[in-house]
Amino acid sequence: VTAFELLNYAAKLHELSNAGNAVERTIAYWDISSYQHLPVAACSGGMQKRIGLALATIPNPILLILDEPFEALDLVHIRALEKEIERRSRSGLITLVSTHIADYAARLCTGILTLELGTVSINPAWASGDTPTRKRDIEKVFDRLAGTIHLELHS
């Protein structure tokens, strides 16, 4: 199956008006055009990631959940993803990003949730902090969680 076939299928599945234009725009945005007719399995990890992002974003969903979306992307496509996340936020759409890369979370996210032992916590000070403060907050949470895990593994 090719990226072009997958994106056309997704556009029809989501009943997008002007599906052909949506596919063309998505292919251009995620820089897939030179690979669109190759089997997805023959593409590199980074290209497969971009195809996955194209599939996820073509219907412009109200809620988009991305797990480690920056992995396998080069700097150009990381910037494209950042731009897409920011566009979605300005449009009032929700993008939930699961990442261990504190820099991206601190720069892009308007809120932070942590899941620890089945409990979801929200950091209320997040929105008012600057990027360096946000990064330190994330690192503190990671350090605390890593310490907890370390203690559990060695007890």
Side-chain angles (χ1 to χ4, degrees), residues 1-131 133-135 137-139 141-142 145:
V1 178
T2 68
F4 183 78
E5 292 166 336
L6 283 172
L7 289 166
N8 273 298
Y9 177 73
K12 290 175 185 167
L13 183 68
H14 291 286
E15 299 177 343
L16 299 181
S17 59
N18 231 339
N21 285 342
V23 169
E24 286 178 28
R25 274 193 320 273
T26 303
I27 285 172
Y29 185 82
W30 292 109
D31 193 21
I32 298 170
S33 57
S34 56
Y35 296 89
Q36 67 181 314
H37 297 296
L38 291 178
V40 174
C43 295
S44 68
M47 179 56 67
Q48 288 180 6
K49 175 68 85 168
R50 291 183 354 233
I51 292 167
L53 289 166
L55 285 167
T57 57
I58 194 168
N60 201 29
I62 293 169
L63 172 63
L64 178 62
I65 301 172
L66 300 173
D67 183 26
E68 297 298 346
F70 304 102
E71 185 177 316
L73 294 179
D74 60 29
L75 188 57
V76 170
H77 299 103
I78 287 171
R79 295 293 183 245
L81 176 56
E82 291 174 339
K83 185 176 163 186
E84 176 64 8
I85 291 169
E86 290 167 349
R87 180 200 66 79
R88 290 179 50 76
S89 181
R90 283 192 310 275
S91 299
L93 301 171
I94 300 166
T95 307
L96 181 63
V97 177
S98 172
T99 184
H100 65 279
I101 304 174
D103 289 330
Y104 296 133
R107 234 181 24 254
L108 292 171
C109 297
T110 58
I112 184 171
L113 301 173
T114 56
L115 177 62
E116 182 179 0
L117 301 172
T119 302
V120 177
S121 302
I122 299 171
N123 182 333
W126 183 263
S128 61
D130 60 4
T131 299
T133 302
R134 289 176 174 186
K135 184 177 178 207
D137 287 349
I138 294 168
E139 289 169 347
V141 171
F142 283 157
L145 293 174

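Keep in mind the model is a prediction, meaning the values are calculated, not measured.
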Visitor: Go through Asp137 and Ile112 one step at a time and tell me if the side-chain contact (heavy atoms from CB on, under 4.5 Å) criterion holds.
Guide: CA-CA 10 Å; Asp137 287 349; Ile112 184 171; over 6 Å; no
Visitor: In a table with atom names and distances, give each donor-acceptor pair under 3.5 Å that connects a side chain of residues 90-97 to protein atoms at least two apart or in another chain.
Guide:
residue, atom, partner, partner atom, Å
Ser91, OG, Arg87, O, 3.0
Thr95, OG1, Arg88, NE, 2.7

Visitor: Using the side chain to side chain contact (heavy atoms under 4.5 Å, CB included) criterion, which residues pair with Ser98? Sequence neighbours excluded.
Guide: Asp67
Visitor: Taking only residues two or more places apart in sequence, or in another chain, which ones meet Arg25 in a side chain to side chain donor-acceptor pair (under 3.5 Å)?
Guide: none
Visitor: Can you confirm whether Val1 sits close enough to Pro39 that some side-chain heavy atom of one is under 4.5 Å from a side-chain heavy atom of the other?
Guide: no
Visitor: Any ring pair (Phe, Tyr, Trp, His ring centres under 6.0 Å) pairs touching residues 41-68, not counting sequence neighbours?
Guide: none
Visitor: Could you check whether any side-chain heavy atom of Leu64 comes within less than 4.5 Å of a side-chain heavy atom of Leu66, counting everything from C-beta outward?
Guide: yes
Visitor: According to side chain to side chain donor-acceptor pair (under 3.5 Å), who are the partners of Gln36, at least two apart in sequence or on a separate chain?
Guide: none
Visitor: Report the distance from atom CG of Leu6 to atom CG of Leu13, rounding to the nearest 0.5 Å.
Guide: 11.5 Å
Visitor: Looking at every heavy atom in both Leu7 and Val23, which two are closest together, and how far apart are they?
Guide: O-CG2, 3.6 Å
Visitor: Using the side chain to side chain donor-acceptor pair (under 3.5 Å) criterion, which residues pair with Thr133? Sequence neighbours excluded.
Guide: Asp130, Arg136
Visitor: Can you list, pair by pair, the side-chain donor-acceptor contacts under 3.5 Å of residues 44-54, counting residues two or more places apart and other chains?
Guide:
residue, atom, partner, partner atom, Å
Ser44, OG, Met47, N, 3.2
Gln48, NE2, Val40, O, 2.9
Gln48, NE2, Cys43, O, 3.1
Lys49, NZ, Glu68, O, 2.9
Arg50, NE, Trp30, O, 3.0
Arg50, NE, His77, NE2, 3.4
Arg50, NH2, Asp31, O, 2.6

Visitor: Mind checking side chain to side chain contact (heavy atoms under 4.5 Å, CB included) for Ile78 and listing every partner two or more places apart, or none if nothing turns up?
Guide: Phe70, Leu73, Glu82, Tyr104
Visitor: Identify the heavy atoms of Leu16 and Pro59 that sit nearest to each other, and give their distance.
Guide: CD2-CA, 4.1 Å
Visitor: Could I get the full list of side chain to side chain contact (heavy atoms under 4.5 Å, CB included) partners for Ser34, not counting sequence neighbours?
Guide: none
Visitor: Just how far is it from atom CG of Leu38 to atom CD1 of Ile32, taken to the nearest 0.5 Å?
Guide: 11.5 Å
Visitor: Using ring-ring contact (aromatic ring centres under 6.0 Å, His included) as the criterion, list what pairs up with Tyr35, not counting sequence neighbours.
Guide: none
Visitor: Please identify each residue that fulfils side chain to side chain contact (heavy atoms under 4.5 Å, CB included) with Thr2, with sequence neighbours left out.
Guide: Phe4, Glu5
Visitor: Residues in side chain to side chain donor-acceptor pair (under 3.5 Å) with Asp103, at least two apart?
Guide: Lys135
Visitor: In terms of heavy-atom contacts, does CD1 of Ile62 have more than 12 from other residues, nucleotides or ligands at under 6.0 Å?
Guide: no
